[in-house]
Peer 1: 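Quick one: the structure is below, and I'll ask about it shortly.
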Amino acid sequence: MCAGVVRFKEVNNVRDHFSASNSPSRYEYKVAREFFQELGSPFHVVVAMQATDGGSLLRPNMDVFGHRIYLANNIFQVQINNRSSIIEESRLVAINFHAIYNNETMYEIMKQWEQKLFEYTLTTENDPLIRVYVTSEGLVSEEVRRTGILAMPLMGITFFIILAFTVLTTLKKDPVRSKPFESFLGVICPLLSLCASFGHLFWMGFEYLPIVTVVPFLILSIGVDDVFIFIHAWHRTPHKHSVRDRMAETLADAGPSISITSLTNLLSFGIGIFTPTPAIYTFCVFISTAVVYDYIYQIFFFSAVLVLGGDREERRMNAYFWWKYEPLKEESKNKKKSGGGIGEAVNKILGKILDVWVDFIMATWSKFLIGAIMLTYWFFMARGVMQIAVGLSSEKLFLDDSPLLPLVRLQTNVIFKEGGQVAVFVNNPGNMSEPDAVPEIMRILRRFETANNSVGAASTHMWLLPYLPYVGEQEHGSIEFKYRYLPEFFKLMEYRRWSHFVNLGNHQDCLSEKPSCLQKFVFSTGFHDAVSWSDRLALLENWRQMASEYQHLNLTIYEDFSMYSDQLLTIVPVTESTVICALVCMIMILTLFTPSPVTIVTSTAAVLSINLGVFGCLVYMNIDLDPISMTTLLMAIGFSVDFVAHVTWHYYKGEFQSKRARIRHALAGIAWPMFQAGTSTMLAISVLALVHAYMVQVFVKVVVLVIFLGMIHGLVVLPVVFAALPFTKTSGPQKKKVAPLQMHEAGPIPKKEEPKEIEDGKKTKDEPVEKTVRSSERA
């Protein structure tokens, strides 16, 4: 599979990958490209100039002359003389460079020119007079790529941090039972799954996007979580059993838990494949495929590693020096020294805390305390959800030190406020010679000129305005529309700039006054005071509504930044549907593995609570709902299920009538691996905090938040809820089986000493048995 790298192809286009495939702006952009298709593909670069001292750019030796030109799209922060209406000051000048390329050679030339222009702007940082800025889709896309490139080397640091944490927290003093090499190979599993999944997708022709850079960090975290659960389950099996039996018991104990979380992760990410945004789709394809391969490697590869380690352990060979034999010590000494290292110290601490922890969970007052805390938490999180802002700006795609940021901020704070242009494409003009044709076009133009936030007629670019007087000159006063003058009109130097506003057919058709002479045309008018994306979307919706009233002309609206505004139309419904689908899938999985109304309802409510917290905290962390955060939220849904599913499964599978024993069994079986998994994931992700970019910072914040909330819900809230609710485990015909708690070093508990049903929170004559269970669980 790794050989698939030979078909590696990186693509990066902000417009294509961060706007929904079914958004109106995509169709409008397609129409705009088709309009210029005869000339070639459009190439657009914006250059802005600002006085270094922040003053006016109009110096005594500057002048503007020539034809009457609308300058509001080019000069900003203007001061006008109240008496003469002469511009006295302008602090910002923006120039739009438009070019057309019709082959790859010309495109490469334009890219080189764009790069040279960018390099020149960097040299003006210390210029005493003028500071020049530049931006374009190509430069924006390159900045996004730079973010991914900076994050990739951190993968090595993350790997060594995770490796050290995994090995150290699984060491034991007993040199036979310790698992250093098994832990190392367990960390290798996610890397193998990454190689296999990426190679597989490259063979299939999938392209690599910068947003996929975070996939290795995620898979490393997910894979290592399974390693902790596997090793913990192995140590809970009786070491006197055969390797075959111990592996069977390990898979019986850890297998369902790992399967539940892998399946929920797969479904959470898999749902994202059906989202219309290409960046989210690609991310979800890569992460879903990697999750599948990681599960396969964990079940088959890592279980084989444990079998080899078990065989070594059975032969009493040293865990660090496999060729060294360790003689068997006295059983009493062996029991006292069965733990060891960091693992022993942590287990002793957890063992002491566990009793207090369970007492707290079973206490009546704890239920009221947790209930009050949760009500307060839900209130503030719900309020946060109601205040979420939606939308993506190009500023969020850059590193904090990006040279493009100053111009992007100028666009947001100055240019968007003072002016912009909306283009209206008339794709089916019909017969312009008909008496009502031109008046109808002029009425449409007037509607756009007088719409909300419109500048007015002074901002309009309409080729008919100079053409009709030209026809009048040729026709000696008659200004009725004529096709035959169009070719010569656009050849004149004075009117040549208008040729880009029309698509002409055969010139012979023009001379013959055939409507096919004019195939389509475009006009534009200005608007202002539309800074927020919600305001711009309202304008877009109004323009589209007006355009829809003229179906016979097939009008299409185009605005340069409509792709960002349109995200408000898709992000919220897609997020809602994704969360609902993920919850439905989780309910189905829990029903399959834990068919109890109590576990299904409480676990689903816990996942809802975690996701409410994640969504609500977006506002408090200054994060908007956009394709970047939405991608991270898909991951958060999967992670939130992990913690809940582990606790729920271990609570459900316990063979105890006492809720106290059942809860204690669940916490003893999964609390430490969950803590290891959560801590290792936060360590892995925290490395990315070194990359100062919104795209990466959102990922780090959301991952840390969902892990924190997941651990709180899984280890505190859910056990308290379980203790408060009645639980009845339905089962089929009784089969003789070994309870998971019996799999400890001290050997199986005698059947006659199984804890009897007791009243929660009270001690009975069976209490000493529970203490025996506790001590063996610590071991």
Side-chain angles (χ1 to χ4, degrees), residues 18-20 22-23 25 211 214 268-269 271-272 274-277 279-280 283-284 374-398 408 412 416 530-541 561-583 605-641 693-710 712-713:
F18 286 94
S19 59
N22 58 354
S23 66
S25 59
I211 197 172
V214 300
S268 297
F269 292 123
I271 292 168
F274 300 98
T275 60
T277 305
I280 298 177
F283 170 83
C284 290
M374 293 306 295
L375 287 174
T376 306
Y377 161 78
W378 290 332
F379 171 77
F380 284 103
M381 294 304 103
R383 194 171 75 168
V385 170
M386 300 300 293
Q387 299 174 1
I388 291 179
V390 182
L392 173 70
S393 62
S394 54
E395 183 177 353
K396 297 177 181 178
L397 303 174
F398 302 153
V408 171
T412 303
F416 285 174
V531 178
S532 69
W533 295 115
S534 57
D535 292 340
R536 299 177 78 89
L537 178 62
L539 288 180
L540 273 173
E541 293 289 275
F561 297 94
S562 59
M563 58 165 287
Y564 297 114
S565 304
D566 274 350
Q567 292 173 11
L568 277 68
L569 298 174
T570 59
I571 289 179
V572 173
V574 168
T575 303
E576 291 175 348
S577 61
T578 302
V579 172
I580 292 172
C581 289
L583 288 174
V607 172
L608 271 174
S609 178
I610 295 171
N611 284 280
L612 176 65
V614 173
F615 280 82
C617 282
L618 293 182
V619 171
Y620 304 115
M621 295 189 297
N622 296 318
I623 299 174
D624 296 335
L625 188 60
D626 51 50
I628 295 172
S629 59
M630 183 179 170
T631 303
T632 311
L633 290 171
L634 286 174
M635 172 271 305
I637 294 171
F639 272 26
S640 66
V641 175
Y694 172 86
M695 184 165 57
V696 179
Q697 294 298 319
V698 167
F699 178 75
V700 174
K701 290 178 181 178
V702 172
V703 169
V704 173
L705 177 64
V706 73
I707 290 174
F708 173 76
L709 292 177
I712 293 296
H713 280 75

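Residue numbers start at 1 and run along the sequence shown. Everything numeric here is computed off the predicted structure, so don't read it as measured data.
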Peer 1: Let's go through Leu709 and Tyr377 carefully: what are the C-alpha distance in whole Å and the side-chain angles of both, what is the deciding distance for side chain to side chain contact (heavy atoms under 4.5 Å, CB included) to 0.1 Å, and is it a yes or a no?
Peer 2: CA-CA 11 Å; Leu709 292 177; Tyr377 161 78; 3.8 Å; yes

Peer 1: My understanding is that only residues two or more places apart in sequence, or in another chain, count here; which of them pass side chain to side chain contact (heavy atoms under 4.5 Å, CB included) with Val214?
Peer 2: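 Listed in chain order: Phe283, Phe699.
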
Peer 1: Of all the heavy-atom pairs spanning Ser609 and His713, show the shortest one and how long it is.
Peer 2: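 Minimum heavy-atom separation between Ser609 and His713: OG-NE2, 2.7 Å.
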
Peer 1: Mind listing the closest non-hydrogen atom pair of Ile388 and Leu625 along with its distance?
Peer 2: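 Heavy-atom minimum between the residues: CG2-CB, 3.6 Å.
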
Peer 1: Using modelled atom types and a 3.5 Å cut-off, is there a donor and acceptor pairing between side-chain atoms of Arg536 and backbone atoms of Ser565?
Peer 2: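 No; zero donor-acceptor contacts below 3.5 Å.
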
Peer 1: Drop me the distance from Phe380's CZ to Leu612's CG, to the nearest 0.5 angstrom.
Peer 2: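 Separation between the atoms: 13.0 Å.
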
Peer 1: In Å, rounded to the nearest 0.5 Å, how long is the span from OH of Tyr694 to CG of Asp624?
Peer 2: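 Tyr694 OH to Asp624 CG: 5.0 Å, rounded to 0.5 Å.
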
Peer 1: Indicate the atoms forming the closest heavy-atom contact of Leu705 with Gly613, along with that distance.
Peer 2: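 Minimum heavy-atom contact is CD2-O, 4.2 Å.
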
Peer 1: CG/Leu375 to CH2/Trp378 distance, rounded to the nearest 0.5 angstrom?
Peer 2: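 Result: 6.0 Å between the selected atoms.
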
Peer 1: State the CD1-SG distance between Ile623 and Cys617, to the nearest 0.5 angstrom.
Peer 2: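 One finds 9.0 Å between CD1 of Ile623 and SG of Cys617.
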
Peer 1: Can you measure from OH (Tyr620) to CD (Gln387) and round to the nearest 0.5 angstrom?
Peer 2: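 Atom-to-atom, Tyr620:OH and Gln387:CD are 6.0 Å apart.
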
Peer 1: Mind listing the closest non-hydrogen atom pair of Ser562 and Leu540 along with its distance?
Peer 2: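 In this case the closest contact between Ser562 and Leu540 is CB-CD1, 3.6 Å.
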
Peer 1: From Asn611 CG over to Phe615 CZ, what is the distance, rounded to the nearest 0.5 angstrom?
Peer 2: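 With rounding to 0.5 Å, CG (Asn611) is 6.0 Å from CZ (Phe615).
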
